[in-house]
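First comes the structure, then the notes that go with it.
Just so it is clear: chains get the letters A, B, ... in the order the sequence lines come, proteins before strands, and each one is counted from 1. This structure is a prediction, so every number in the text was calculated from the model and none was measured.
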Amino acid sequence: MPELPEVETIRRRLEPDLVGQRVVAVRVNRPEIVGYPSVRTLVRQVTGRRITGLARRGKYLIVRLDDHQELIFHLRLSGALYLVNNSKTPPYERIQFRLASGNRLSLAEPRMLGRVYLVGGHEYPAVLAGMTKMGREPIEPGFTASYLAARLHGRKTKVKTLLLDQRICCGVGNIYSDEALFRAGVRPTRRAGSLTRAEIGRLARALRQVLKEGISWCGTTIADRRYVLPDGTSGGFQKYLRVFRRGGERCGRCGATIQRVRIGNRSSCYCPVCQK
DNA sequence: CTTGTGTCCTGTAGGC
DNA sequence: TGCCTACAGGACACAA
């Protein structure tokens with residue numbers, strides 16, 4: 001599940017090798033990987049284009065082309081982007097972009113949930129509706145306690161659900177929401193509107209910190225997840241996870257048994273002593 | 001508008 | 001050994 005730190009790591013690693021490169025060929029192994037427009041149109045329009053820049057918005061990776069269109073990648077749960085020599089084929093490769101340098105940008109996605117889109121500016125609302133409704137990223141200066149308080153105010157749903165809502169906390173997924181809640185001392189099951197001002201302040205800070213640490217450790221690579229850097233190496237933040245996927249283990253801070261609960265069809269782990 | 005539930009997808013782990 | 005089921009979860013559709 002590449003979240004903000006993982007996608008940002010991928011963006012930073014790809015940038016020096018992609019910017020300025022020309023795409024000399026595009027090959028699609030699984031047509032369903034192309035979310036928009038058609039395979040045929042995407043191949044025709046991207047072939048021959050030069051890459052002018054890389055950006056990221058939430059969990060989306062944006063590859064800018066010299067005709068002002070953008071290739072947008074979303075890796076969902078198990079997608080990975082590799083940059084390899086053209087002679088190599090990563091496992092589960094679904095689409096490849098061959099570059100003039102002799103390298104290949106390859107999207108691997110075993111579960112076929114990830115997508116690649118080609119859009120011009122005016123097409124965003126229709127093609128990527130979610131992208132136009134995104135809230136602030138916790139690493140932006142505008143992500144303040146006041147912002148978070150306003151978004152949680154009066155909400156009856158569980159706070160964990162709202163941390164995963166991209167309209168509120170853009171770029172946050174299951175790993176970093178569990179970790180931020182632990183650091184803030186707030187249980188994931190709490191009604192969002194019941195949080196005190198102090199708890200919201202701690203939560204805003206924890207989200208900012210945990211995402212920044214995730215970036216500095218090049219993301220989180222764990223078993224049965226496919227996240228790796230474009231050269232196939234692993235991130236390092238998994239060493240610092242305190243509660244995520246650790247239900248049944250002892251809390252490193254207080255020794256209590258970490259609990260695992262299901263919230264909205266996904267699991268969440270927390271320490272019943274450290275988190276109130 | 002808010003809230004909760006189901007669906008997509010397929011590799012992996014665990015039970016028997 | 002091999003079959004079967006549950007599970008992982010980001011985004012979105014849909015119902016109430």
Side-chain angles (χ1 to χ4, degrees), chain A residues 1-8 10 29-36 56-62 72-81 90-95 107-117 119 124-135 137-138 150-181 188-195 207 211 214 219-228 238 241 243-249 258 260-270:
Chain A
M1 68 204 77
E3 303 177 24
L4 189 155
E6 287 74 33
V7 181
E8 177 61 19
I10 291 168
N29 302 325
R30 283 284 294 267
E32 313 95 284
I33 203 72
V34 176
Y36 182 89
R56 179 192 56 74
R57 181 81 176 105
K59 302 170 192 172
Y60 291 89
L61 181 75
I62 302 165
I72 315 277
F73 293 89
H74 198 301
L75 303 176
R76 289 285 190 111
L77 304 181
S78 56
L81 278 166
Y92 304 104
E93 178 183 74
R94 309 308 192 188
I95 186 169
L107 172 59
E109 169 53 307
R111 293 188 198 170
M112 284 303 296
L113 291 168
R115 290 291 181 268
V116 58
Y117 309 86
V119 294
Y124 270 96
V127 178
L128 292 159
M131 212 165 161
T132 59
K133 296 174 187 165
M134 282 183 170
E137 300 189 357
R151 304 310 299 266
L152 302 188
H153 180 74
R155 298 293 299 265
K156 292 175 181 169
T157 197
K158 296 178 174 68
V159 61
K160 162 91 175 196
T161 302
L162 294 190
L163 295 189
L164 295 175
D165 188 333
Q166 301 303 294
R167 294 167 296 187
I168 296 174
C169 296
C170 181
V172 175
N174 216 19
I175 298 174
Y176 295 96
S177 57
D178 268 12
E179 293 300 308
L181 285 163
T189 49
R190 284 277 297 282
R191 300 280 161 187
S194 78
L195 267 63
L207 283 161
L211 290 179
T220 303
T221 299
I222 51 175
D224 97 336
R225 284 287 168 276
R226 304 270 167 182
Y227 166 71
V228 286
Q238 59 277 7
L241 298 176
V243 289
F244 178 75
R245 291 264 197 106
R246 300 187 79 148
E249 294 181 34
I258 295 170
R260 179 172 170 275
V261 291
R262 285 195 79 78
I263 299 173
N265 242 350
R266 68 205 45 173
S267 67
S268 202
C269 295
Y270 69 94

Check: Between atom CZ in A/Phe73 and atom C1' in C/dG10, what is the gap in whole Å?
Finding: 18 Å

Check: Of the candidate nucleotides B/dG6, C/dG9, B/dT3, which contains the atom at the shortest distance from the side chain of A/Ser267?
Finding: C/dG9

Notebook entry, point to check: Taking atom CD of A/Glu93 and atom CG of A/Leu107, what is their separation to the nearest 0.5 Å?
Noted result: 8.5 Å

Margin query: Show, in sequence, the C-alpha distance, side-chain angles and deciding distance for A/Arg56 and A/Glu8, and conclude whether the salt bridge (charged side-chain N to carboxylate O under 4.0 Å, His left out) test is met.
Written below: CA-CA 7 Å; A/Arg56 179 192 56 74; A/Glu8 177 61 19; 2.8 Å; yes

Next item on the list: May I have the distance from A/Asp165 (atom CG) to C/dG10 (atom P), rounded to whole angstrom?
Entry: 12 Å

Next item on the list: List the steps, then state whether side chain to side chain donor-acceptor pair (under 3.5 Å) holds for A/Thr189 with A/Tyr270.
Entry: CA-CA 9 Å; A/Thr189 49; A/Tyr270 69 94; 5.2 Å; no

Strictly under 3.5 Å: I want the nitrogen or oxygen pairs between protein and nucleotides 9-11 of chain B, one per line.
from: B/dT10; atom 1: OP1; to: A/Arg30; atom 2: NH2; distance (Å): 3.3
from: B/dG11; atom 1: O3'; to: A/Arg226; atom 2: NH2; distance (Å): 2.9

Check: Looking at A/Thr161, does any N or O in its side chain come under 4.0 Å of the phosphate oxygens OP1/OP2 on B/dG4?
Finding: no

Check: Which part of the nucleic acid, if any, lies within reach of A/Phe244 when heavy atoms closer than 4.0 Å are counted: base, sugar-phosphate only, or nothing?
Finding: sugar-phosphate

Checklist line | Nearest to side-chain heavy atoms of A/Asn174, which nucleotide of B/dG6, C/dG9, B/dG4 | finding: C/dG9

Item checked: Nearest-0.5 Å distance, CE of residue A/Met112 to CD1 of residue A/Ile33 -> 4.0 Å

Notebook entry, point to check: Hey, does A/Arg245 reach any base, or is it just sugar-phosphate, or nothing, if we go heavy atoms under 4.0 Å?
Noted result: sugar-phosphate

Next item on the list: Measure from CD1 on A/Ile33 to P on B/dC8 and round the result to the nearest Å.
Entry: 17 Å

Notebook entry, point to check: Just how far, in rounded Å, is P of C/dG10 from CG of A/Leu163?
Noted result: 12 Å

Checklist line | A/Asn265 CG to C/dG10 P, straight-line distance once rounded to whole Å | finding: 11 Å

Check: What is the minimum heavy-atom distance between A/Arg246 and A/Leu241, and which atoms define it?
Finding: NH1-O, 2.7 Å

Next item on the list: Specify the closest pair of heavy atoms between A/Leu4 and A/Cys170, including all atoms of both residues, with the distance to one decimal.
Entry: CD1-O, 3.7 Å

Notebook entry, point to check: Rounded to the nearest 0.5 Å, what separation is found between the CD1 atom of A/Ile72 and the CG atom of A/Leu61?
Noted result: 8.5 Å

Item checked: Euclidean distance, A/Phe73 CZ relative to A/Ile10 CD1, rounded to 0.5 Å -> 10.5 Å

Note to self: Rounded at 0.5 Å granularity, tell me how far CZ in A/Arg76 sits from CZ in A/Arg115.
What the structure shows: 7.5 Å

Notebook entry, point to check: Is the shortest distance from a Lys or Arg side-chain nitrogen in A/Asp178 or A/Arg245 to a carboxylate oxygen in the other one below 4.0 Å?
Noted result: no

Note to self: In whole Å, I'd like the distance from the CD atom of A/Glu6 to the P atom of C/dG10.
What the structure shows: 11 Å

Next item on the list: Might you work through the salt bridge (charged side-chain N to carboxylate O under 4.0 Å, His left out) test for A/Glu137 and A/Arg57, ending with a clear yes or no?
Entry: CA-CA 8 Å; A/Glu137 300 189 357; A/Arg57 181 81 176 105; 3.4 Å; yes

Next item on the list: Let me know the distance between NZ of A/Lys156 and C1' of B/dC1, rounded to the nearest Å.
Entry: 12 Å

Notebook entry, point to check: Roughly how far apart are A/Ser177 OG and A/Leu162 CG, rounded to 0.5 Å?
Noted result: 11.0 Å

Check: Could you write nucleotides 11-16 of chain C as a row of B, S and -, 5' to 3', where a protein heavy atom under 4.0 Å of any base atom gives B, of only sugar-phosphate atoms gives S, and otherwise -?
Finding: BS----

Check: Taking five pairs at each end of the helix from B/dT2-C/dA16 to B/dC16-C/dG2, what angle separates the two helix axes (nearest 10°)?
Finding: 50°

